[in-house]
Amino acid sequence: MNIQNTIETKVKEGFLALYNIEIPSVEFQATRKEFEGDITVVVFPMLRFKKGNPVQIGEDLGKYLVENVTEITNYNVVKGFLNLVIDDAFYTNFFNTIYLDASFGLVLPKADEKAIMVEYSSPNTNKPLHLGHVRNNLLGYSVAEIIKAAGKKVYKTQIINDRGIHICKSMLAWQKFGNEETPESSGLKGDKLVGNYYVKFDQEYKKEISQLIAEGKTEEEAKKEAPLLIEAQQMLLKWEAGDAEIVALWKEMNSWVYKGFEATYKNMGVDFDTLYYESNTYLLGKDVVNQGLEKGVFYKKEDGSVWCDLTDDGLDEKIVLRSDGTAVYMTQDIGTAIQRVKDFPDVGGMVYTVGNEQDYHFQVLFLILKKLGFDWAKQLHHLSYGMVDLPSGKMKSREGTVVDADDLMIEMTDTAKEISEELGKLEGYSEEEKGDLYKTIGLGALKYFILKVDPKKRILFDPKSSVDFQGNTGPFIQYTYARIQSIIRKADFDFSKSVSIDLHEKEKELLKQLELFPETIQLAAANYSPAIIANYTYDLVKEFNSFYQNVSILGEEIQDKKIFRVQLANKVAETIKSAFSLLGIKVPERM
């Protein structure tokens, strides 16, 4: 139990003892620099339960805590804020318990606890991954790692959208204009090659529309009657009917795309435990509709279509089966969720990493699954996130104006190289070491820039400003880690033994920040927010740099103090590395 939890328990006890009143929670904040104290209890919220002077309530509680909590040595009250002074011995004891704990902050999953399945990426097989997918992948992967660190078993998954009219458009364009081009013959990654034909389809389709309009058709008529679109629709029907030639082409072109995706994921540093394919799941859910009809969750209209009436829940009516018996996306998502729990019986909840334009879809999906009576439906979460914009404007796949994920990662590496060379700190590095370092810095900058922002917020991404070695950036944090490694390499003495010293104010501040790491992981997991980890790490690094500038480490003359400061620096570095690994970011030993 950390000191905040101890104090919360004792404040509640004190309130009951002093006023015979139970309070549900206690609000804390960091003590302001101008006042003495290490942690502050905010008294104002307690006035809802006991009317009175907040200063007097603070005084009463302060006396009670000093008498009943050995770690609290003093207190002062400023208006409605009770500032508590924590004994140095608490922090040195805390440090001695965590110093050799390599898994500090991490919790192992309990054997009987239900697992969480986290879905992310979920691309279409008609184009390469783009900037929007980058945010999706980084968020999903990081949230999965954070939930795992908080003590849950996690499965990472994606559903690959490998069927439908958009896939047929790429296939048809390749058939017509491809001249048997392959990734091997063109030297292109498979996903890029197929994406080029998706763009090609759109270009040729627009030409046909213009031609039909010139011949007297309305724009709406021209869009529907363009021969290319009709051919693509016919190809989809053939695919659904199992036409051998079309299915063979579909398998071949998809295999090119999967190899391309695999290379991108590897470069990005994300992975999956299991994959689902829409071609296998698009018929799922239809049997559930019949069960839902029997339970009265769904109802049938005169035309034979099946609906779910959610108006009593503040939503609208939702179709789950068309009148011709074909499924809609909602049906498929219902069926896929149920199938996943059948495949992984220990799954007790799911996280869907999908953009905020699908907020309503997931509201409806989760509500229908609850109405169908699935217990795990209470543990479903939509990890909704905002768009990523660039200074140059919006992206459109079919027009080929998308920022390609591979190109972006190369650009980030190149930007890191350019800035590193300007700073000129890489003497003695081989070319291979330099290349690895540029990639570590570039991808660290990209990931940190995206993950430090609350997922719900829209991001304007500027590659150049993200690779800054000052401020709230990945490279700034990586540089601090590398600086600590330099200190460790220069420490030519044994610093493994436990020591007891009087703490310097800056050491105490740093220990207070370290103590927050375990609860920060739990908070980030509960909120599905890597931003909480990112900004905690930045605060830790700022605190370390303040310590570094104010306190001598290797130059300290008293040996025990020198040992403690090296140990403290080392633990900060370990915590930075651990926190950054939850964000999927590597840290360099030298910079």
Side-chain angles (χ1 to χ4, degrees), residues 1-19 21-50 52-95 97-98 104-105 107 150 454 503 505-527 529 531-540 542-543 546 575 579:
M1 186 183 281
N2 69 10
I3 191 66
Q4 188 167 301
N5 293 337
T6 302
I7 294 169
E8 177 162 13
T9 301
K10 288 297 180 183
V11 168
K12 287 178 180 177
E13 277 180 21
F15 218 82
L16 189 61
L18 292 163
Y19 311 119
I21 296 170
E22 287 188 21
I23 53 172
S25 60
V26 179
E27 188 179 316
F28 293 94
Q29 64 182 40
T31 305
R32 286 169 56 175
K33 300 286 184 193
E34 61 265 36
F35 302 119
E36 185 191 15
D38 301 297
I39 192 165
T40 296
V41 174
V42 185
V43 177
F44 294 113
M46 299 173 186
L47 301 181
R48 284 178 296 163
F49 305 97
K50 174 173 170 50
N53 182 338
V55 174
Q56 187 56 53
I57 292 171
E59 286 285 345
D60 293 346
L61 284 171
K63 284 176 191 161
Y64 181 89
L65 291 171
V66 168
E67 288 167 10
N68 290 277
V69 182
T70 52
E71 294 90 348
I72 297 175
T73 58
N74 204 353
Y75 75 93
N76 63 83
V77 181
V78 180
K79 297 180 180 173
F81 299 94
L82 168 59
N83 303 318
L84 303 170
V85 180
I86 310 297
D87 188 2
D88 284 6
F90 166 78
Y91 289 107
T92 52
N93 290 339
F94 153 73
F95 184 72
T97 62
I98 68 157
F104 168 59
V107 178
D454 183 285
L503 290 178
E505 175 197 350
K506 292 296 176 182
E507 291 167 332
K508 194 172 182 181
E509 290 301 319
L510 196 46
L511 286 165
K512 278 154 60 172
Q513 189 64 26
L514 273 176
E515 200 219 356
L516 295 174
F517 187 50
E519 72 177 75
T520 301
I521 292 175
Q522 296 298 324
L523 188 64
N527 288 279
S529 178
I532 291 171
I533 298 288
N535 290 295
Y536 164 83
T537 314
Y538 178 54
D539 288 341
L540 177 64
K542 279 194 299 182
E543 209 59 71
S546 177
T575 307

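Worth knowing before you read on, the calculation uses all heavy atoms, side chains too, and leaves out hydrogens, waters and symmetry mates.
Checked by atom type and distance alone, the side chain of Ser546 never pairs as donor or acceptor with a backbone atom of Glu543 at under 3.5 Å. The backbone N or O of Ile533 lies less than 3.5 Å from a partner atom in the side chain of Thr537, making a donor-acceptor pair. A donor-acceptor pair under 3.5 Å is formed between the side chain of Gln522 and the backbone N or O of Ala150.
With a 4.5 Å cut-off on side-chain heavy atoms, Ile86 and Ile39 count as touching. Residues Ile3 and Glu71 meet the side-chain proximity criterion, which asks for heavy atoms closer than 4.5 Å. Two residues are said to be in side-chain contact when any heavy atoms from C-beta on lie closer than 4.5 Å; Ile98 and Phe517 fail this criterion. Residues Asn83 and Glu36 are not in side-chain contact: their nearest non-hydrogen atoms beyond the backbone lie 4.5 Å or more apart. In this structure, the side chains of Val26 and Val42 stay at 4.5 Å or more apart for every pair of heavy atoms. Looking only at side-chain heavy atoms (C-beta outward), Phe28 and Thr40 stay at 4.5 Å or farther from each other. By the 4.5 Å heavy-atom criterion applied to side chains, Glu27 and Phe44 are not counted as neighbours. Side-chain contact check for Met46 versus Pro54: every heavy-atom pair is 4.5 Å or farther apart.
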* **From CA spacing to verdict: side-chain contact (heavy atoms from CB on, under 4.5 Å), Tyr536, Gln513** => CA-CA 8 Å; Tyr536 164 83; Gln513 189 64 26; 3.3 Å; yes

* **Verdict with reasoning, Lys33 to Glu509, per salt bridge (Lys or Arg N to Asp or Glu O under 4.0 Å)** => CA-CA 11 Å; Lys33 300 286 184 193; Glu509 290 301 319; 3.8 Å; yes

* Asked: side-chain contact (heavy atoms from CB on, under 4.5 Å) between Ile72 and Ile7: does it pass, once the steps are laid out?
  -> CA-CA 9 Å; Ile72 297 175; Ile7 294 169; 4.1 Å; yes

* To do: Would you please test Leu47 and Ile57 for side-chain contact (heavy atoms from CB on, under 4.5 Å) and show each step?
  => CA-CA 9 Å; Leu47 301 181; Ile57 292 171; 3.6 Å; yes

* Going through the checks in order, is the side-chain contact (heavy atoms from CB on, under 4.5 Å) test met by Leu516 and Glu519? -> CA-CA 6 Å; Leu516 295 174; Glu519 72 177 75; 3.9 Å; yes

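Nearest heavy atoms, Glu515 versus Tyr91: OE1-CE2, 4.3 Å. Annotation for Leu61 and Leu18: closest pair CD2-CD1, 4.0 Å, computed over non-hydrogen atoms. Pro518 and Leu514 make their closest contact through CD-O, 4.1 Å (heavy atoms, listed as atom of the first residue, atom of the second, distance). The nearest pair of heavy atoms linking Pro24 to Phe49 is CD-CZ, 3.3 Å. Across Tyr64 and Ala17, no two heavy atoms sit closer than the pair CE1-CB, 4.1 Å.
Separating the NZ atom in Lys508 from the CG atom in Asp87 is a distance of 7.5 Å, to the nearest 0.5 Å. Expressed to the nearest 0.5 Å, how far CG of Leu65 lies from CG of Asn68 amounts to 7.5 Å. In this structure, OG1 on Thr9 lies 10.5 Å from CD on Gln4, to the nearest 0.5 angstrom. Atom CG in Asn76 sits 8.0 Å away from atom CG in Leu82 (nearest 0.5 Å). With rounding to the nearest 0.5 Å, the separation of CD1 in Ile532 from CG in Asp454 is 8.0 Å.
Side-chain atoms of Glu59 and Tyr75 form a donor-acceptor pair, as typed in the model, at a separation below 3.5 Å. There is no side-chain donor-acceptor pair under 3.5 Å between Asp38 and Thr31.
Aromatic ring pairs are classed by plane angle as parallel below 30°, tilted from 30° to 60° and perpendicular above 60°; the pair Phe15 and Tyr19 is perpendicular.
Look at Lys10 and Glu13 and you find a salt bridge, because one of the NZ, NE, NH1 or NH2 atoms lies within 4.0 Å of a carboxylate O, short of that distance.
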